[in-house]
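Before any comments, here is the structure.
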Amino acid sequence: MKEPIFLSVVVPMYNEEEVIEVTYNRLRTVLQSLGETYEIVFVNDGSRDRTAAIVREICARDRTVKLVDFSRNFGHQIAVTAGMDHSSGRTVVLIDADLQDPPEIILDMVAKWREGYDVVYGKRMERKGETWFKKTTAAMFYRLLRSMTSVNIPVDTGDFRLMDRKVRDALTQMRERSRFIRGMVSWSGFKQASVEYVREERFAGETKYPLRKMLRLSLDAITSFSTKPLKIAGILGFLLSAGGFIYLIVVLCQHFFTDTTTPGWTSLIAISLLFNGITLSLLGVLGEYIGRIYEETKGRPLYLVSDKVNFTSEARDDRKLTEPVGAGAGS
Ligand code: UDP
Ligand code: MG
């Protein structure tokens, strides 16, 4: 009988061939020093480089390393979800592949977990080697998100965190498509604590989060935790139509009681531009929500796996097959 796994480490990877070996070695050193059973679940998010091949090599010589290989790129948050789905530890750690989150912090997280916390998230005290633009937009985003949502999402945290099994189970039950895992963890409640750390520079390669993906994540975060934009849209619409109505009265009065009615197409154009712009952007807000409703109603699986390596009897999927059939199952 195999010992149950104490710690699962989930590492999402998208074109990370330059960092995997080093990340694996550092993770292994840290995890071995912990003196507990562990597994490392690498999720290959449709990389176009040698990422999967390198992980396969590692898997062949180290059975504690597992690979979930996606059929294509599904995005970071989905890759992390797949890693959690496939992890069987008493605790689960999410960490980036690029060593920006130092693996050594995992030891502090485990210590906090032992004190009785269910979620221990890493709080970034300083971010090295990231552009001024990324830092300011990130800071603005976390604050905007806080002001928009009723869920208490801690500022300046990423997905680097340790979770108890029960939190992981709660999260794997949430199959929504627009995923903002930090928010979902906060939403789930449980006893949370933080450990502070300095976010290092990316070890090698460049960011896999271009502005486009960052914007998408921010939109997912706001739309899945807040309907405030819809309310703001409504209030704005109301204020504008009230303003428009007042202006209409002014114009009518001018027409009937004075003879200063100017040809005035300037004001007309100005108003029509302004109102059209606002109407269109409000429609855009609606569209963001409706698009997400549409995506959810399709009910597709969150990701497709093309291959799995090193998942043996202790893996969840396989365990299901070997579990005895319950008494009520018609036998
Ligand atoms: N990542 C992924 N799929 C993607 C983009 C990124 O799995 O589509 C992974 C990436 O390999 C890394 C983590 O997500 O392990 C964080 O990405 P990155 O370090 O590029 O983001 P940044 O730290 O610059 O925000
Ligand atoms: Mg990074």
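Counting convention: from 1, in listed order, for ligands and their atoms alike. Residue numbers count from 1 along this sequence.
- The pair E296-R292 does not meet the salt-bridge criterion, since no charged nitrogen lies less than 4.0 angstrom from a carboxylate oxygen.
- Remark: the backbone N or O of F190 is not paired with any side-chain donor or acceptor of D118 at under 3.5 angstrom.
- Atom 1 (N) of ligand 1 has its closest protein heavy atom at Y14 CB, 3.7 Å.
- Among protein heavy atoms, the minimum distance from atom 24 (O) of ligand 1 is reached at T207 OG1, 2.6 Å.
- Taking 2.8 Å as the threshold, D98 counts as a candidate ligand of the Mg ion (ligand 2), since one of its N, O or S atoms lies below it.
- Annotation: atom 25 (O) of ligand 1 to nearest protein heavy atom, K134 NZ, 2.8 Å.
- For a threshold of 3.5 Å applied to N or O pairs, the pair formed by P12 and ligand 1 contains at least one separation below that value.
- Judged by distance alone, with hydrogens and angles left aside, the side-chain atoms of R90 form no donor-acceptor pair with the main-chain N or O of L7 at under 3.5 Å.
- Under the 4.0 Å criterion applied to side-chain N and carboxylate O atoms, E57 and R50 are assigned as salt-bridge partners.
- In summary, D85 and R175 engage in a salt bridge, as defined by a charged side-chain N under 4.0 Å from a carboxylate O.
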Candidate pair D220 and K213, rule salt bridge (charged side-chain N to carboxylate O under 4.0 Å, His left out), full reasoning: CA-CA 10 Å; D220 277 348; K213 283 190 180 172; over 6 Å; no
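- Close approach to D45 involves these atoms of ligand 1, each under 4.0 Å from a residue heavy atom: 2 (C), 3 (N), 4 (C), 7 (O), 8 (O).
- Among the atoms of Q100, an N, O or S atom falls under 2.8 Å from the Mg ion (ligand 2).
- Taking every non-hydrogen atom of N73 and a distance limit under 4.0 Å, the qualifying atoms of ligand 1 come out as 3 (N), 4 (C), 8 (O).
- Per-residue contacts place K213 under 4.0 angstrom from the following atoms of ligand 1 (heavy atoms of the residue considered): 4 (C), 5 (C), 8 (O).
- Of the protein's non-hydrogen atoms, the one nearest atom 6 (C) of ligand 1 is K208 CB, 3.5 Å.
- The nearest heavy-atom contact from the protein to atom 18 (P) of ligand 1 is R202 NH2, 3.4 Å.
- Residue G75 has at least one heavy-atom neighbour below 4.0 Å for each of these atoms of ligand 1: 3 (N), 8 (O).
- Heavy atoms of other residues, nucleotides or ligands lying less than 6.0 angstrom from CZ of R61 number more than 12.
- Residue, atom and distance of the protein heavy atom nearest to atom 21 (O) of ligand 1 are Y209 CD1, 3.3 Å.
- Geometric assessment of K191 against the ring of Y117 yields a positive cation-pi assignment under the 6.0 Å and 45° thresholds.
- The protein non-hydrogen atom at the shortest distance from atom 10 (C) of ligand 1 is E16 OE2, 3.2 Å.
- Scanning the protein for heavy atoms near atom 19 (O) of ligand 1, the closest one is D98 OD2, 2.5 Å.
- A cation-pi geometry, defined here as NZ or CZ lying under 6.0 Å from the six-membered ring centre and within 45° of its normal, holds between R72 and F74.
- Between K128 and E200 there is a salt bridge, since a side-chain N of the basic residue sits under 4.0 Å from a carboxylate O of the acidic one.
- No option in R56, R63, E39 other than R63 meets the side-chain hydrogen bond (donor to acceptor under 3.5 Å, both in side chains) test with N310.
- Using a 4.0 angstrom heavy-atom cutoff, R127 does not count as in contact with ligand 1.
- In terms of N/O distances under 3.5 Å, ligand 1 is approached by A97.
- Close N/O approach between Q100 and ligand 1 is found [any backbone or side-chain N/O within under 3.5 Å].
- Salt bridge annotation for D101-R199: present, with a cationic side-chain nitrogen under 4.0 angstrom from a carboxylate oxygen.
- Close N/O approach between E206 and ligand 1 is not found [any backbone or side-chain N/O within under 3.5 Å].
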